[in-house]
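Down below is the structure, laid out as structure tokens.
Hydrogens, waters and symmetry mates play no part in the numbers below; they use all other heavy atoms, side chains included. Predicted model, so just to flag it, every value in this text is computed and none were measured.
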Amino acid sequence: MELSPDWEEAITDMFDNRIQEKTDLMLQNAAQYILCLNTVEHEFFKTTFSVPASRSACFEYLTNQRWRKFLLSVYYADLLSYTKKEDQVDFSRLYYIVNKFPQGFTVWWIRAGGAVFPVGYTGWYYVEASTFNYIAQMEYNKDIIITNRFFLPAAAGTPYLYLFNYSIAPLLAHTGYSRTLIKDYAFVLSNIPCKGLFCAAVSDDGVRVAEQFGMKPIGNIKNTECSKGDRIYFLRKKGP
């Protein structure tokens, strides 16, 4: 449930010609307020995107201003969650995924100093059985090489899930805020019938949560320098 309706006022529109300036200011202010959050409890609430009955045949959700602001809030939450550039999401990839399956994403906000800031988010989406089964082969076939975190979303619901992200600003990790975020994510996933799931873990916290969900490591994503990259965690649920 969305507990605060004013989050849209905190996010600029993608079509605003001052978007870079406003984005920089948002991230700077958020980082400053997060530094002060360890002494006082603040309102922590989530937002989702309610999928409309119809969307543009040519431009899909791009013509929906609320979706554009929701997309940016996801992006800002990602930038605040990951301090290393290589761990941050590629915006074009995020745009594609959130356009195809916005209902899989939840943004978490903190109200502080009279303002609201996106400080974390979770996301998941369906993948085709062929994608899931290809990933499964990594456990036994070390010749399979994956070079990026882009896994194509399924056109419709399937029994297989890719856990796109679960993260929060580093200073809020291992706090009541992060526990609330993960607890909500686990609740959402527990109510989605599935036969298997996988994710790409980019941090030790990501690994820890993947293991809590019952997933096991089966391989790494290789970056362009062919060094170790994100770890692929995988779970195929046992049938009846």
Side-chain angles (χ1 to χ4, degrees), residues 14 23 27 60-62 71-72 74-102 104-107 120-170 173 185 189 192 194-237:
M14 288 171 57
T23 294
L27 297 176
E60 298 186 307
Y61 290 120
L62 183 60
L71 169 64
L72 283 181
V74 176
Y75 186 53
Y76 295 159
D78 190 277
L79 296 183
L80 286 167
S81 294
Y82 299 104
T83 57
K84 296 180 180 178
K85 180 65 176 178
E86 59 268 25
D87 291 340
Q88 295 170 356
V89 70
D90 175 76
F91 182 76
S92 59
R93 178 170 66 99
L94 183 69
Y95 171 94
Y96 181 84
I97 298 298
V98 178
N99 181 55
K100 292 300 181 184
F101 196 66
F105 287 78
T106 299
V107 180
Y121 78 104
T122 61
W124 66 273
Y125 58 84
Y126 297 107
V127 295
E128 300 290 356
S130 57
T131 300
F132 184 82
N133 290 329
Y134 182 75
I135 294 298
Q137 296 177 50
M138 293 182 69
E139 183 174 7
Y140 306 104
N141 185 352
K142 301 309 176 183
D143 291 331
I144 294 178
I145 297 177
I146 297 176
T147 58
N148 60 68
R149 286 179 247 156
F150 180 73
F151 303 99
L152 195 66
T158 74
Y160 305 102
L161 311 180
Y162 175 60
L163 306 193
F164 182 88
N165 186 78
Y166 40 88
S167 65
I168 197 167
Y185 194 42
L189 294 175
I192 303 170
C194 73
K195 295 180 180 178
L197 60 159
F198 71 101
C199 71
V202 303
S203 67
D204 291 339
D205 284 338
V207 167
R208 177 178 53 80
V209 174
E211 291 174 345
Q212 288 178 358
F213 288 158
M215 290 183 279
K216 303 296 182 183
I218 61 170
N220 294 337
I221 294 178
K222 304 292 184 179
N223 64 22
T224 54
E225 288 77 30
C226 297
S227 61
K228 286 187 176 181
D230 305 342
R231 289 157 284 188
I232 296 291
Y233 275 72
F234 178 91
L235 171 67
R236 186 188 297 275
K237 295 186 177 181

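Going from atom OH of Y134 over to atom CD1 of I144 covers 5.0 Å, rounded to the nearest 0.5 Å. Between the CG atom of L79 and the NZ atom of K85 there is a distance of 7.0 Å, given to the nearest 0.5 Å. Atoms OH and CD1, on Y82 and I168 in that order, are 11.0 Å from each other to the nearest 0.5 Å. Taking CG of L189 as the reference point, atom CG of L197 lies at 7.0 Å (rounded to 0.5 Å). Here the straight-line distance linking atom CZ of F151 with atom SG of C199 works out to 9.5 Å at 0.5 Å rounding.
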Check your understanding: Passes side-chain contact (heavy atoms from CB on, under 4.5 Å), I146 versus I135? Steps please.
Key -> CA-CA 9 Å; I146 297 176; I135 294 298; 3.2 Å; yes
**Study point:** Residue pair F150, I97: steps toward the side-chain contact (heavy atoms from CB on, under 4.5 Å) verdict
**Key:** CA-CA 9 Å; F150 180 73; I97 298 298; 4.0 Å; yes
Review point. Given W124 and F101, is the ring pair (Phe, Tyr, Trp, His ring centres under 6.0 Å) satisfied, shown in steps?
Key: CA-CA 9 Å; W124 66 273; F101 196 66; 5.0 Å; yes
Check your understanding: Can you check side-chain contact (heavy atoms from CB on, under 4.5 Å) on Y95 and L62, steps first, answer last?
Key -> CA-CA 9 Å; Y95 171 94; L62 183 60; 3.8 Å; yes
Review point. Taking it one step at a time, do F234 and F132 satisfy side-chain contact (heavy atoms from CB on, under 4.5 Å)?
Key: CA-CA 9 Å; F234 178 91; F132 184 82; 3.3 Å; yes
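Looking only at atom types and distance, the side chain of S167 has a donor-acceptor partner in the side chain of N165 under 3.5 Å away.
Taking a 6.0 Å sphere around NZ of K142, one finds it holds more than 12 heavy atoms contributed by other residues, nucleotides or ligands. Sparse packing is recorded around CG of D204, with 12 or fewer heavy atoms of other residues, nucleotides or ligands lying under 6.0 Å away.
Y96 places no side-chain N or O within donor-acceptor distance of the main-chain N or O of P153, the cut-off being under 3.5 Å. Put simply, the side chain of T158 never gets that close to the backbone of Y126: no donor and acceptor are under 3.5 Å apart. Although no hydrogens or angles enter the test, the distance criterion places a donor-acceptor pair under 3.5 Å between the side chain of Y185 and the main chain of G123. A donor-acceptor pair is defined here as one N or O able to donate and one able to accept, closer than 3.5 Å; no such pair exists between the side chain of Y125 and the backbone of A154. D78 contributes a side-chain N or O that, together with a main-chain N or O of V89, makes up a donor-acceptor pair within less than 3.5 Å. Without hydrogens or angle criteria, N99 side chain to Y61 main chain gives a donor-acceptor distance under 3.5 Å. No donor-acceptor pair under 3.5 Å is formed between the side chain of R149 and the backbone N or O of D230. For R236 (side chain) and N133 (main-chain N/O), no donor-acceptor pair under 3.5 Å exists by modelled atom type.
With sequence neighbours excluded, no residue satisfies salt bridge (charged side-chain N to carboxylate O under 4.0 Å, His left out) with E139.
The shortest heavy-atom contact between D143 and N141 is N-OD1, 2.9 Å. When all heavy atoms of R231 and V202 are compared, the pair lying nearest together is NH2-C, 4.5 Å. For A169 against S81, the heavy-atom pair with the smallest separation is N-OG, 3.8 Å.
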Show every donor-acceptor pair shorter than 3.5 Å between a side-chain atom in residues 207-216 and any protein atom, with sequence neighbours excluded, or say none if there are none.
none

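Ring-plane geometry between Y162 and F164 is classed as perpendicular, the angle between the planes exceeding 60 degrees on a 0 to 90 degree scale with a lower cut at 30.
By the 4.5 Å heavy-atom criterion applied to side chains, L152 and E128 are not counted as neighbours. Looking at T83 and P170, their side chains come closer than 4.5 Å, going by heavy atoms from C-beta outward. Put simply, the side chain of Y121 does not reach to within 4.5 Å of the side chain of L80, judged on heavy atoms.
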